[in-house]
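Taking it in order: structure first as structure tokens, then the write-up.
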Amino acid sequence: MNDVKNTHPVYTIKDFNLWYGETQALKNISLEIPEKQVTAIIGPSGCGKSTFIKTLNRMVELIPSVKMEGSIHYKNEDIFKPNAKVESLRTEVGMVFQKPNPFPKSIYDNIAYGPRIHGIKDKKTLDEVVEKSLKGAALWEEVKDRLNENAFGLSGGQQQRLCIARAMAVEPEVILMDEPTSALDPLSTAKVEELIHELKNDYSIIIVTHNMQQAARISDKTAFFLNGEVIEFDATEKMYSNPHDKRTDDYISGKFG
Ligand SMILES: Nc1ncnc2c1ncn2[C@@H]1O[C@H](COP(=O)(O)OP(=O)(O)OP(=O)(O)O)[C@@H](O)[C@H]1O
Ligand SMILES: [Mg+2]
């Protein structure tokens, strides 16, 4: 586990700044996020973790007061260039939120939703996508006999795996996860962590977590944010065993946060 391979960056962030009105939430962020690895974002409440990952699929701009400066490249493409296609970026970059948010639809229709929007109508193709996505999210065995039941009938942990399956159904390259296990019990958390570990063979995963042990267990690299700045970004093992900055050391050893 935690083997840090040398891969191409999936994101290259340079001198990036973001404000909500007058309040600066991200300050001079420069990072290269590796492809097909798990990158953890840690740091105390309000330090800019959610803002940062919502910038990566340009969701943050849905908030009108947002102003930005600097550059973000996704696979060598400037995501803010004037003719950049936001919709195709959001197709390639899926997102899973803190609270499971299935649609008020059947399990099947939750997964088929994205592919249908992309024009897939053939029942057999949709059946295959649904099965493959649910298998990929380690949920198939638990739900294969109740695909037409409402997703709200699933447990919280099952709903979160459904949301991961839904994100995977449109075959993204990247999955952003904002504290995906904070609403889950330990067993469901363990299942989602196991899943994340398997997913990194196929996806680049960026996960926000408040749980230090979780970041240490599942991530290859970790970025420590504090007051909108990246204090340290390194291989997770290195950061946890021998942090460079005293503030990182204090945070991961639980002195604040
Ligand atoms: N929509 C918004 N409008 C104005 N300010 C905002 C908005 N969203 C976030 N902020 C501010 O930006 C800063 C960073 O918030 P953000 O949600 O990114 O933090 P976070 O690290 O994800 O925190 P948490 O761990 O509590 O989820 C905070 O000061 C927050 O108050
Ligand atoms: Mg947050």
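Both ligands and their constituent atoms are indexed starting at 1 by order of listing. Only this structure's heavy atoms are used, side chains among them; waters, hydrogens and symmetry mates stay out.
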| Do Thr181 and Gln214 have side-chain N/O donor and acceptor atoms under 3.5 Å apart? | yes
| Below 4.0 angstrom, N of the basic side chain to O of the carboxylate: do Lys85 and Glu92 qualify? | no
| task | Cation-pi check, Arg58 to Tyr74: give yes when NZ or CZ is under 6.0 Å from the six-membered ring centre and within 45° of the ring axis, no otherwise. | result | no
| message | Can you confirm whether the side chains of Tyr20 and Thr51 place a donor and an acceptor under 3.5 Å from each other? | response | yes
| query | Do Arg247 and Asp245 sit within salt-bridge range, that is, some charged N less than 4.0 Å from a carboxylate O? | reply | yes
| field | Matching residue for Ile207 among Thr222, Ile175, Ile196 - test: side chain to side chain contact (heavy atoms under 4.5 Å, CB included) | value | Ile196
| query | With a cut-off of 2.8 Å, does any N, O or S atom of Thr51 fall short of it relative to the Mg ion (ligand 2)? | reply | no
Using a cut-off of under 3.5 Å, which N/O atoms of ligand 1 pair up with protein N/O atoms, and what distance separates each pair?
residue, atom, partner, partner atom, Å
ligand 1, 18 (O), Thr51, N, 2.9
ligand 1, 18 (O), Thr51, OG1, 2.5
ligand 1, 19 (O), Gly48, N, 3.4
ligand 1, 21 (O), Cys47, N, 3.2
ligand 1, 21 (O), Gly48, N, 3.1
ligand 1, 21 (O), Lys49, N, 2.9
ligand 1, 21 (O), Lys49, NZ, 2.8
ligand 1, 22 (O), Ser50, N, 2.9
ligand 1, 22 (O), Ser50, OG, 2.8
ligand 1, 23 (O), Gly46, N, 2.8
ligand 1, 25 (O), Lys49, NZ, 2.7
ligand 1, 25 (O), His210, NE2, 3.1
ligand 1, 26 (O), Ser45, OG, 2.5

